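To start, the structure under review is shown below, and the notes come after it.
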Amino acid sequence: MGLLKRIFAALLPFLAAPLLASPRDIARGMEAYRDEDWASAEFFIRKYLSDASFEDAGDDVVYILIKSSFHAGDYEGAQADCAAFLGSFPESRYRPLVLFQNGKLLHLLGRNDSAVLALCDFCQLNPGHELYPDALFWIAEAFFDEYDFESARGLYTRVVSDFASNRNVPAAKYKLDLISRRSREEKLLYLLRVTGEENLSAREDYERQLRIYRMEDRAGLQKMMKDARDRVPEPLPETPAPSAEDVPREPSASAFPSAGELFDYEAEIEMLRRKAWRIQQIMSERADGASR
């Protein structure tokens, strides 16, 4: 409220002149800002500045415009006003606040490289400022959005450990949990990919060995068939069918001796045996007589 009082005191002489539109616009803009009607505040202050330069309006009015535009969601307009403010008021007491706000707006606009540079400048120039931990948090946010999770992790950790009472600590803890979870998921995906590659390699090796075995089996089977063919003898020449004359006939009854003839044959054999025995006996007796 001290800021609004100073602005109203500076503009009080102009409010008495009803024909001048600009003082009315700034008054309505300040009233809307007090009521947190951000869109109306931005509208009337910009209307006022259309007839006056930033230098003429003063750093108080421009700073209120930046805050109104930010809360109204006009990030582009607010960031442009921050850049204009930093160029127009190098010695302003609001400069650290605008430098911080400029970096934050650059991040919200997706210009993270510029956001990191602006917020790092703020941290270097204002190491003891109350917004220092907030700047660290928004730098971490810029790194997080750019997938530089390791850099973001270090800054989130510093916010949590060194500034435990800061309003951004819950969000920093949540982001640290997300980073840890993502790290675990990346490790799991890596293991799955490696395992999949190993399985694919093993499958390809199995299929290759299977093809080799099949080729060896086929070659062995062909060799076995060849060896078997080599062991089979050449087929014998075909013999002509026997004629009726070549077919042996059953002997007739006259070809076999009769019973009487068989008896005489046996008697003759017996007689020959006796003669042989007698001759052997005589030869034995003569041999015994000679030896005496």
Side-chain angles (χ1 to χ4, degrees), residues 1-3 32-42 59 62-86 92-191:
M1 294 300 297
L3 175 61
Y33 179 82
R34 182 191 61 194
D35 296 337
E36 298 185 357
D37 182 1
W38 311 118
S40 298
E42 179 186 11
D59 57 351
V62 179
Y63 180 68
I64 290 178
L65 173 62
I66 292 171
K67 294 188 66 175
S68 300
S69 300
F70 174 79
H71 290 299
D74 181 13
Y75 296 157
E76 289 284 357
Q79 195 279 319
D81 294 335
C82 285
F85 183 100
L86 294 173
S92 172
R93 62 183 182 277
Y94 300 116
R95 187 175 180 84
L97 299 175
V98 174
L99 187 60
F100 168 80
Q101 198 70 23
N102 183 53
K104 182 178 178 180
L105 285 165
L106 287 169
H107 164 67
L108 295 175
L109 291 170
R111 296 156 60 183
N112 290 308
D113 291 341
S114 299
V116 170
L117 293 175
L119 291 168
C120 286
D121 287 344
F122 169 83
C123 291
Q124 290 177 358
L125 296 173
N126 307 277
H129 199 279
E130 60 181 357
L131 290 176
Y132 184 85
D134 297 81
L136 294 179
F137 174 79
W138 288 107
I139 294 173
E141 289 285 273
F143 282 128
F144 185 91
D145 284 1
E146 294 298 320
Y147 303 98
D148 187 354
F149 299 115
E150 289 306 314
S151 298
R153 186 203 300 271
L155 291 168
Y156 286 133
T157 302
R158 186 176 177 190
V159 171
V160 171
S161 60
D162 296 349
F163 306 96
S165 60
N166 185 264
R167 58 187 174 182
N168 293 309
V169 166
K173 289 181 177 179
Y174 174 72
K175 290 298 180 67
L176 285 172
D177 181 66
L178 288 181
I179 293 173
S180 298
R181 191 183 312 168
R182 182 183 179 88
S183 178
R184 291 192 298 268
E185 291 175 353
E186 288 180 348
K187 290 179 181 178
L188 178 60
L189 289 174
Y190 172 76
L191 291 175

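We use all heavy atoms of the structure for the numbers below, so side chains are in, but hydrogens, waters and symmetry mates are not. Bear in mind that the values here come from a model prediction, so they are computed numbers and not experimental data. Throughout, residue positions are numbered sequentially from 1 according to the sequence presented.
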Exercise. Can you measure from CG (Asn102) to CD (Gln79) and round to the nearest 0.5 angstrom?
Key: 5.0 Å

Quiz item: Do the non-hydrogen side-chain atoms of Ser114 and Leu109 ever get within less than 4.5 Å of each other?
Solution: no

Exercise. Could you tell me which non-hydrogen atom of Phe122 sits nearest to which non-hydrogen atom of Leu99, and how far apart they are?
Key: CA-CD2, 3.6 Å

Practice problem: Could you please spell out the steps behind the ring-ring contact (aromatic ring centres under 6.0 Å, His included) verdict for His129 and Phe100? | Solution: CA-CA 10 Å; His129 199 279; Phe100 168 80; 8.1 Å; no

Practice problem: Hey, could you give me the CZ/CZ distance between Arg153 and Phe144, rounded to the nearest 0.5 Å? | Solution: 11.0 Å

Self-check item: Heavy-atom closest pair, residues Ser40 and Ala32
Solution: CB-CB, 3.8 Å

Quiz prompt | Cys120 side chain near Ile139 side chain, heavy-atom distance below 4.5 Å | solution = yes

Quiz item: Can you tell me how far the CD atom of Gln101 sits from the CG atom of Asp134, to the nearest 0.5 Å?
Solution: 10.5 Å

Quiz item: Should Tyr63 and Leu97 count as side-chain neighbours, where that means a heavy-atom distance under 4.5 Å?
Solution: yes

Quiz item: Using 4.0 Å as the upper bound for N to carboxylate O, is an ion pair formed by Glu141 and Lys104?
Solution: no

Quiz prompt | Full working for side chain to side chain contact (heavy atoms under 4.5 Å, CB included) between Ile66 and Tyr94 | solution = CA-CA 11 Å; Ile66 292 171; Tyr94 300 116; over 6 Å; no

Quiz item: Can you tell me how far the OG atom of Ser68 sits from the CD atom of Glu36, to the nearest 0.5 Å?
Solution: 10.5 Å

Practice problem: Flag the pair Phe149 / Phe143 as yes when at least one side-chain heavy-atom distance between them is below 4.5 Å, and no otherwise. | Solution: no

Quiz item: Tell me, do Asn126 and Tyr132 make a side-chain contact under 4.5 Å, heavy atoms counted?
Solution: no

Quiz item: Can you tell me how far the CG atom of Asp59 sits from the CG atom of Leu65, to the nearest 0.5 Å?
Solution: 12.5 Å

Practice problem: For residues Tyr33 and Ala41, report the shortest heavy-atom separation together with the two atoms involved. | Solution: N-CB, 3.6 Å

Quiz item: Is the shortest distance from a Lys or Arg side-chain nitrogen in Asp177 or Arg181 to a carboxylate oxygen in the other one below 4.0 Å?
Solution: yes

Quiz item: Nearest 0.5 Å, what's the CH2-CG distance between Trp138 and Asn168?
Solution: 7.0 Å

Self-check item: Flag side-chain contact, heavy atom, 4.5 Å: Phe137 against Phe163
Solution: no

Practice problem: Looking only at non-hydrogen atoms, find the nearest pair between Val169 and Ala164 and report the distance. | Solution: CG2-O, 3.6 Å

Quiz item: Should Cys123 and Leu136 count as side-chain neighbours, where that means a heavy-atom distance under 4.5 Å?
Solution: yes

Quiz item: Do Arg167 and Pro133 have side-chain heavy atoms sitting under 4.5 Å apart?
Solution: no

